[in-house]
Protein chains: 2
Amino acid sequence: MLAALIRAADFTSAQNLHQRLVEAGERVGLSTVYRTLTALADAGRADVVREPGGERLFRYRPSQEHRHYLLCRICGLGMPVDAEAVEVWAARTAATSGYADVQHTVELTGTCPACAGGDHSS
Amino acid sequence: MLAALIRAADFTSAQNLHQRLVEAGERVGLSTVYRTLTALADAGRADVVREPGGERLFRYRPSQEHRHYLLCRICGLGMPVDAEAVEVWAARTAATSGYADVQHTVELTGTCPACAGGDHSS
DNA sequence: CACGCAATGGTAATGATTTTCATATGTAGT
DNA sequence: ACTACATATGAAAATCATTACCATTGCGTG
């Protein structure tokens, strides 16, 4: 199942992943998918973003570092972005705000070149 | 009902707002609350953030500009932050990414001075 | 082999949001 | 003033992802 998530290589919802596994013949329960995904996220080996609809999307992360992504609103293609500036800004804001233990969530969404310039209308 | 949202002065969930209205004697349906809140958000007169639990929180915004907030994880107190750096970064990232129509979501969460240094343990 | 223990999977419960639909409210036209 | 039509409203039902339960399975140990 970890294999499946890695194979997905992009942001996937628990529902979607489960469905794909079942269709692939894997005998796995929705509960287990959620459990594994949540565990992965807790362990810091998966990134989580929240879809407008409220659904949570997971993506396997081989490395240890904190990442941010730019997701295509049409096809869902996710692209890691360099968020150094945001990290710095977040740290500074945290420091000057008086708030403690500040965490941040940054999500970019757009239309990827393929979908944008694209001919999805033809 | 708009009055109630303004009176709240801080991030409030639709459910919460509705409950408060009903308790205040206002005869209003949950549907209307959602409708109004969504309309406000669409019209750009309300900010929306998403709670970890998946709940949507709304906050009235008098001004027209795009804002970002730092929310206290304990008491929910929201504090507008200067996100100029993020805006710039987002714009630049949008430009270099090849993605079109890039939007961004930035949420900071932390523990506000009152809750942090606080004596919530005594 | 019996026992315990943690992981699993199916199902029911939860909770927020959306949809539906019949009703009330209001407006314009006659 | 009265009817016709559009719009906003509220109650309840439908939806959907996620979580909680619980009986069952698989496995290692005594």
Side-chain angles (χ1 to χ4, degrees), chain A residues 1-8 10-60 69 71 73-76 78 103 105 107 109, chain B residues 1-8 10-61 69 71 73 75-76 78 103 105 107 109:
Chain A
M1 123 121 232
L2 220 181
L5 179 58
I6 295 175
R7 211 177 314 127
D10 211 340
F11 282 97
T12 319
S13 71
Q15 305 276 349
N16 188 312
L17 187 58
H18 171 244
Q19 183 182 326
R20 237 183 300 172
L21 283 170
V22 168
E23 282 172 358
E26 298 279 347
R27 209 168 164 345
V28 70
L30 191 53
S31 321
T32 307
V33 175
Y34 273 106
R35 264 192 291 253
T36 309
L37 249 26
T38 305
L40 269 178
D42 284 349
R45 281 217 277 288
D47 292 308
V48 188
V49 300
R50 205 178 284 268
E51 181 135 305
E55 201 174 10
R56 279 200 300 229
L57 304 182
F58 298 83
R59 169 171 176 158
Y60 179 71
Y69 296 89
L71 269 72
R73 271 194 294 275
I74 314 283
C75 67
Q103 300 181 345
T105 299
E107 280 169 36
T109 59
Chain B
M1 125 118 230
L2 221 182
L5 179 58
I6 294 173
R7 212 177 315 127
D10 210 341
F11 282 98
T12 319
S13 71
Q15 305 276 348
N16 188 313
L17 187 59
H18 172 246
Q19 182 181 326
R20 237 183 300 173
L21 283 170
V22 168
E23 282 172 0
E26 297 280 348
R27 209 166 164 345
V28 70
L30 193 52
S31 324
T32 307
V33 175
Y34 273 107
R35 266 192 289 253
T36 310
L37 249 27
T38 304
L40 269 179
D42 284 349
R45 280 217 276 290
D47 293 307
V48 189
V49 300
R50 204 177 285 269
E51 179 135 307
E55 202 174 7
R56 278 200 301 229
L57 303 182
F58 298 82
R59 169 171 177 157
Y60 178 72
R61 164 161 45 116
Y69 296 88
L71 270 73
R73 271 193 296 274
C75 65
Q103 299 180 347
T105 300
E107 279 170 37
T109 59

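This one's a predicted model, so the numbers in the text were calculated from it and none came from an experiment. Side chains are part of it too, since the values below use all heavy atoms of this structure and drop only hydrogens, waters and symmetry mates. Protein chains get the first letters and strands the later ones, always in sequence-line order, with residue 1 at the start of each.
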request  = In plain terms, say whether B:Asp47 and B:Arg59 are close enough for a salt bridge, that is, a side-chain N and a carboxylate O under 4.0 Å apart.
outcome  =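 Result for this pair is no, no salt bridge flagged.
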Take the protein atom [atom1] of [X] and the nucleotide atom [atom2] of [N], then report the distance between them rounded to whole Å.
{"X": "A:Glu26", "N": "C:dG9", "atom1": "CD", "atom2": "P", "result": "10 Å"}
{"X": "B:Leu37", "N": "C:dT17", "atom1": "CG", "atom2": "P", "result": "9 Å"}
{"X": "B:Leu57", "N": "C:dG15", "atom1": "CG", "atom2": "P", "result": "17 Å"}
{"X": "B:Arg27", "N": "D:dT9", "atom1": "CZ", "atom2": "P", "result": "13 Å"}
{"X": "A:His18", "N": "D:dT19", "atom1": "NE2", "atom2": "P", "result": "15 Å"}
{"X": "A:Leu17", "N": "D:dA17", "atom1": "CG", "atom2": "C1'", "result": "15 Å"}
{"X": "B:Leu21", "N": "D:dT9", "atom1": "CG", "atom2": "C1'", "result": "14 Å"}
{"X": "B:Gln19", "N": "C:dT17", "atom1": "CD", "atom2": "P", "result": "14 Å"}

Using a heavy-atom cut-off of 4.0 Å across all strands, would you classify A:Gln15 as base, sugar-phosphate, or nothing?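 Here A:Gln15 touches the bases of the nucleic acid.
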By nearest-heavy-atom nucleotide on DNA chain C, the more 5' of B:Arg56 and A:Leu30 is A:Leu30
For A:Arg45, I'd like to know if atom CZ has over 12 heavy atoms of other residues, nucleotides or ligands within 6.0 Å.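 Counting other residues, nucleotides and ligands, CZ of A:Arg45 stays at 12 neighbours or fewer.
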- Item | Residue B:Glu55, side-chain atoms from C-beta onward, closest of C:dG9, D:dT18, C:dA16 |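 For B:Glu55, the side-chain atoms sit closest to C:dA16.
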The nucleotide from C:dG9, C:dT18, D:dG10 with an atom nearest the side chain of A:Ser31 is C:dG9
Check: Is there a donor-acceptor pair under 3.5 Å between the side chain of B:Arg35 and the backbone N or O of B:Leu30?
Finding: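 The answer is no, because no donor-acceptor pair under 3.5 Å joins these two groups.
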Exercise for the section: Confirm from the modelled atom types if B:Thr32 and D:dA8 form a donor-acceptor pair under 3.5 Å, side chain to base only. Expected result: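 No, the side chain and the base share no sub-3.5 Å donor-acceptor pair.
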Kindly say whether, by distance alone, the side chain of A:Arg35 makes a donor-acceptor pair under 3.5 Å with the base of C:dG9?
yes
- Message: For A:Val22 versus A:Val28, what's the shortest heavy-atom pair and its separation?
- Response: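 Closest heavy-atom pair between A:Val22 and A:Val28: CG2-O, 4.1 Å.
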Task: Side-chain N,O (B:Tyr34) to OP1/OP2 (C:dT18) below 4.0 Å - done: no
* Taking the six-membered ring for Trp, is the centroid-to-centroid distance between A:Tyr69 and A:Phe11 below 6.0 Å? ->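 Yes, they do, as the ring centres are separated by less than 6.0 Å.
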